[in-house]
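For the numbers below, each heavy atom of this structure counts, side chains included, while hydrogens, waters and symmetry mates do not. No experiment lies behind these values; they were computed from the predicted model shown.
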Amino acid sequence: MCLFYCHSNGSRAQMDSSCTTQTIISFPTGLTGVVPTQRNRHRAGSRSQEELPFSGDNSSTAELMSRYVSLELGYGVPKDGWRICLAHEFKEKRKPFQAKDVSLSNIVEHIGLGVRYLKWWYKKTQIEKKAPFIDMFRAIPLRQIYGAPLGGIGGGTITRGWRGEFCRWQLNPGMYHYKTVIANQFTVCLRRGGQTVYQQVLSVERPPTLQGWNWGYCGEYAFYHALYPRAWTVYPLPGQNVTLTCRQVSPVIPHDYQDSSLPVAVFVWDIENKNDYPLDVSIMLTMVNGSGHKDDKSGGHWNEPFHLEKAGESVSGVLLHHCTTVNPYTLCMAAREQSDREISHQTAFSPKGTCGVLWGDLIADGRLDSPTGSSPPTQKGEKVAAALAVGCPVPAQGHNDLEFSLAWDMPNITFGSREREHVRRYTRFFGTKADAAPSLSHHALTHYRLWERSIEEWQRPILQDSSLPSWYKSALFNELYFVVDGGTVWTELPEDSDVSGGLRSEDGGLPAQPAIIKEYGRFAYLEGQEYRMYNTYDVHFYASFALIMLWPKLALSLQYDIAGSVVSCDLTERLHLMSGRNSPVKVKNVVPHDIGDPDDEPWQRVNAYLIHDTADWKDLNLKFVLQVYRDFHLTQDTQYLQDMWPICQAVMESEMKFDTDGDGLIENSGYADQTYDGWTATGPSAYCGGLWLASVCVMCKMARLVNNEAAFQRFRDILDRGSAAFDKLLWNGQYYNYDSSGQDLSNSVMSDQCAGQWFLRASGLGDGQFQAFPKEKICSALKSVFDLNVMSFAGGQMGAVNGMRPEGVPDHSSVQSDEVWIGVVYGLAAIMIHEGMLEEGLRTAEGCYRTVWERLGMAFQTPEAYCEKGIYRSLAYMRPLSIWAMQLALDTSQPRDQAPKTTTTPTDQAPQTTTTIQTATEGEPGQKESQDQGHIP
């Protein structure tokens, strides 16, 4: 239903839900709203689907735009990205994976786990009053509403939905709050000849509160377009001959380590007036002091207007001080002062009741009263909100624009334990005194065009590559949302911190404070918004491509943190839920599963994951070694290689114990002892065995680079023997068996069986002296995976299922074997591309993108997994960042005469494409020191 209200006398006119009857509504103030007739609507919507203004390769994208009835395409909206009409409804409604979805056989097998988890869950939630790191009883329900998040890296995020709602909040580090704050809205006011002719909340919602506002904008007259880190919403105002385009910009800029850390976003409103007369247009932003959380009513919150002039530029707005006991912050709405712009504000209003006074204030003259002074602190039980309006003239047949910024300043943070205070990265540039919101806003409003220029220069080579399909361009950039919205924290290294793990550099360990962490800070992101563990390493293995290609200093900083934890230990005994046995939290010389829970004390207490004892996992140590060399290959940072070499030796020495028969190949231990933590492997397996051989291979390469001939010979011998054993025990003539146990399902086809070769190829290895697998066998295995796991599953339309039987049915032996893991699929696509199977790789990945973004409504919350029907698991997950491995494969696999332009590099340095070498972002003086200055040997 579309509603046009006038609130000078409380009257209201109501339109039907399809907005299909022409009605001109007259109000005492002269305000009118015009809605097209059914005949005009039919004319606007009479084009074929192929002619609809959407970006996409086939009708599935057209479906997202099928209800859009306007001809308007907006101002400066790019062709590529994810586009959806605001009236779209997703037909398929999936449910999260829960205990009832486990098969009877798996329930019987894991009944002990279930009992132990229930006891632990009760203690955690009811006694300790803490949130479980994985909550199997309170899975997040699917809300098909999310759009691109606001803000840079590590300063907290606020997510706007694709219909414009402010609906997902991560201001407290790593802890999510899913609440739509209905009063947080943009409203437009059109005036002609001194009279308001149209005023509308730009929202399709019709809430039971704030009934004094004109709600119910027709979603058929608007669409959303995301190409992260920017997004556009286009509103052709019905009957007004005016089109608004809201462009949302966040400072997420590859190879930039200053502005990319800022907790701020900019909204640019482009206004197109296609009338033969001028208009005065105002946009009003309203925000509640808070995030919809219960502490919004805790009392003591207050607002104040501000004005800041600096370097010849002035900004004005409202500060909303949220004065909680833990992690207080300030929200800031601001606009830049210009000669033909009028900025006005309402310092405080109550976001309950009708709020008709605020509405009438704007409708009277297109501006707000702008009182001086601060508001009194709220009483307990009260909420307070503020409003900021900006107006400008728009000439007949002309254009103008309005700019807003939204910033949030929470410089000093504590995690759940409250034991230590941490300082966010952006405080290096804006201070720790919690008074930076005005300066952040000023910086954003005066620098966002530079940000956009850098973003466009980064994205342009990929967007202009006509050989790449449109869906891929959308997936590549939009999946990057998780770098920012993965509960991400980016902090300064405290002066008293020691990341060496107790083994100092003079003893073959790390410096207490590695230079790269001191300069670039500490970085952590969650395994998933539902799986609340920082830097989960077996999953980061896949996701790490995004960091090493776009923010390599953060990738290396993370590696130094992991390396320090390798040589540390925590011998505190605790119960592990799968086995029911007690064992130490962390033993020496093994890679941790994660660096901690944000509801505890990350970095200080690692391994929040307690389902398995991951000291016996077979993949973690190997994934560290593989990432070390991959990172060196892409950065050529020789100091990093020298620092990591002793750690690699230590974890490989620790891994040797898993080769129980001395044949050069490790064995799995008969339980789910790797990233597939619900899928048992016994004896040598394709996944872990392949990772092992690849790790041994890169140890050979690194030994040569550090001139350690004894180590080279040792690992060369292991590689030769292990490769022979791998082929003998696992190769069946077409692919590598899942494992060598000889059990009924040991010959299942695993989609991830070539993960080791994938990393070798990504590291410039895999041929000649540094080859672990015969190329013909890898290609045969990949063809089997494509034929069975991809094309024989769900009609070839949903990516690759993890496990497939040779007869062409999914492997249902575990809760994970019949799932599709999106991040694994993108990695599979990458190795296909490396091996010359470009068409198959793109087809494989496309199925996941189409399923998640176009069919299931999971935009900006890509899950870990989904099954063919019915369920999904773990929304907003880290692993799908592996799509950047596809881009690396495309960059390095192109014929030489088609390759992107590269920099001049030494003979042994890996070619660096436009994706990986951008080392400067235009900005203010002093910014250069915070950008990549890569080490060249």
Intermediate values then yes/no, side chain to side chain contact (heavy atoms under 4.5 Å, CB included), L319 and L331: CA-CA 6 Å; L319 301 172; L331 284 169; over 6 Å; no
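- Of the inter-residue distances, the one linking E403 atom CD with L445 atom CG reads 6.0 Å to the nearest 0.5 angstrom.
- The aromatic rings of W359 and W213 sit parallel, their planes meeting at an angle under 30°, below the 60° perpendicular limit.
- Identified under the salt bridge (Lys or Arg N to Asp or Glu O under 4.0 Å) test for residues 221-231, with sequence neighbours left out: R230-E452, R230-E456.
- For the residue pair D270 and H399, a side-chain donor N or O sits within less than 3.5 Å of a side-chain acceptor on the partner.
- Q346 contributes no side-chain N or O that, together with a main-chain N or O of L368, makes up a donor-acceptor pair within less than 3.5 Å.
- Rounded to the nearest 0.5 Å, atoms OH (Y448) and CD1 (I455) are 12.0 Å apart.
- Residues meeting the ring pair (Phe, Tyr, Trp, His ring centres under 6.0 Å) test with Y481, sequence neighbours left out: F860.
- To the nearest 0.5 Å, atoms CD1 (I871) and CZ (F97) are separated by 6.0 Å.
- If you check the side chains of N289 and H301, you find no donor sitting under 3.5 Å from an acceptor.
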Any chance you could lay out the side chain to side chain contact (heavy atoms under 4.5 Å, CB included) test for N400 and V281, step after step, and finish with the verdict? CA-CA 9 Å; N400 212 335; V281 180; over 6 Å; no
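- In terms of heavy atoms, R850 sits closest to W471 at NH2-CD1, 3.7 Å.
- W408 places a side-chain N or O within donor-acceptor distance of the main-chain N or O of G156, the cut-off being under 3.5 Å.
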Start with the C-alpha distance between R341 and L402, add both sets of side-chain angles, then the distance that settles side chain to side chain contact (heavy atoms under 4.5 Å, CB included), and finish with yes or no. CA-CA 8 Å; R341 306 291 192 275; L402 299 171; 3.5 Å; yes
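- Closest approach of Q199 and I363 over heavy atoms only: OE1-CA, 3.1 Å.
- When the ring pair (Phe, Tyr, Trp, His ring centres under 6.0 Å) test is applied to Y228, no partner is found at least two apart in sequence or on another chain.
- If you take CG on N273 and CG on L279, they are separated by 4.0 Å, rounding to the nearest 0.5 Å.
- Legend: residues meeting ring pair (Phe, Tyr, Trp, His ring centres under 6.0 Å) with F166, ordered by chain and number and at least two apart, are absent.
- Side-chain contact between W82 and F477 is absent, with no heavy atoms from C-beta onward closer than 4.5 Å.
- For the residue pair S470/D80, the side-chain donor-acceptor check at 3.5 Å is satisfied.
- Side chains of W853 and E479: a donor-acceptor N/O pair is present below 3.5 angstrom, by distance only.
- Under the rule for a side-chain hydrogen bond (donor to acceptor under 3.5 Å, both in side chains), the partners of R532 that lie at least two apart in sequence or sit in another chain are D597.
- More than 12 heavy atoms of other residues, nucleotides or ligands sit less than 6.0 Å from atom NZ of K93.
- Scored by the side chain to side chain contact (heavy atoms under 4.5 Å, CB included) test, P141 finds no partners at all (sequence neighbours excluded).
- Between Y877 and F482, the distance from one ring center to the other does not fall under 6.0 angstrom.
- Screening residues 163-182 for salt bridge (Lys or Arg N to Asp or Glu O under 4.0 Å) gives E89-R163, R168-D485 as the qualifying pairs, with residues at least two apart or on separate chains.
- Closest heavy-atom contact between V264 and L440: CG2-O, 4.2 Å.
- Every residue was checked against the ring pair (Phe, Tyr, Trp, His ring centres under 6.0 Å) condition with F349, not counting sequence neighbours, and none meets it.
- Here the side chains of Q240 and L190 are in contact, with some heavy-atom distance below 4.5 Å.
- For D296, the salt bridge (charged side-chain N to carboxylate O under 4.0 Å, His left out) criterion is met by no residue, not counting sequence neighbours.
- Residues C332 and S441 are in side-chain contact: their nearest non-hydrogen atoms beyond the backbone lie under 4.5 Å apart.
- Considering only heavy atoms from C-beta on, I271 stays 4.5 Å or farther from T243 through its side chain.
- The backbone N or O of G164 lies less than 3.5 Å from a partner atom in the side chain of R160, making a donor-acceptor pair.
- Looking only at distances, a side-chain donor or acceptor of R67 sits under 3.5 Å from a matching main-chain atom of A87.
- Listed here is the closest heavy atom pair of A386 and N303: CB-ND2, 3.8 Å.
- Checked against side-chain hydrogen bond (donor to acceptor under 3.5 Å, both in side chains), Y531 has the following partners two or more places apart in sequence or in another chain: R873.
- Note: Y176 and Y178 have parallel aromatic rings, judged against thresholds of 30 and 60 degrees for the angle between ring planes.
- For the residue pair A387 and V318, the shortest heavy atom distance occurs at O-CG2, 4.0 Å.
- In this structure, the side chains of K352 and L210 stay at 4.5 Å or more apart for every pair of heavy atoms.
- Considering only residues two or more places apart in sequence or on other chains, S344 meets the side-chain hydrogen bond (donor to acceptor under 3.5 Å, both in side chains) condition with none of them.
- For E92, the side-chain hydrogen bond (donor to acceptor under 3.5 Å, both in side chains) test picks out R94, R855, with sequence neighbours left out.
- Of the possible donor and acceptor atoms, one in the side chain of D135 sits under 3.5 Å from a partner among the backbone N and O of R138.
- Within the 4.5 Å cutoff, the side chain of H322 has heavy atoms near those of the D295 side chain.
- I283 places none of its side-chain heavy atoms less than 4.5 Å from the side chain of V390.
- The two residues E72 and F223 make their nearest non-hydrogen contact at O-CE2, 3.7 Å.
- Judged by distance alone, the side chain of S203 and the main-chain N or O of E205 form a donor-acceptor pair under 3.5 Å.
- Listed for the D361 side chain is a donor-acceptor partner under 3.5 Å among the backbone atoms of D369.
- With hydrogens and angles ignored, the 3.5 Å screen pairs a side-chain donor or acceptor of H177 with a backbone N or O of H293.
- With hydrogens and angles ignored, the 3.5 Å screen pairs a side-chain donor or acceptor of T488 with a backbone N or O of V483.
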Check step by step if side chain to side chain contact (heavy atoms under 4.5 Å, CB included) holds for N184 and V288. CA-CA 6 Å; N184 292 358; V288 171; 3.8 Å; yes
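- In this structure, the ring of Y221 has its center no less than 6.0 angstrom from the ring center of Y235.
- Under the 3.5 Å distance criterion, the side-chain polar atoms of Q144 are matched with a main-chain donor or acceptor of L856.
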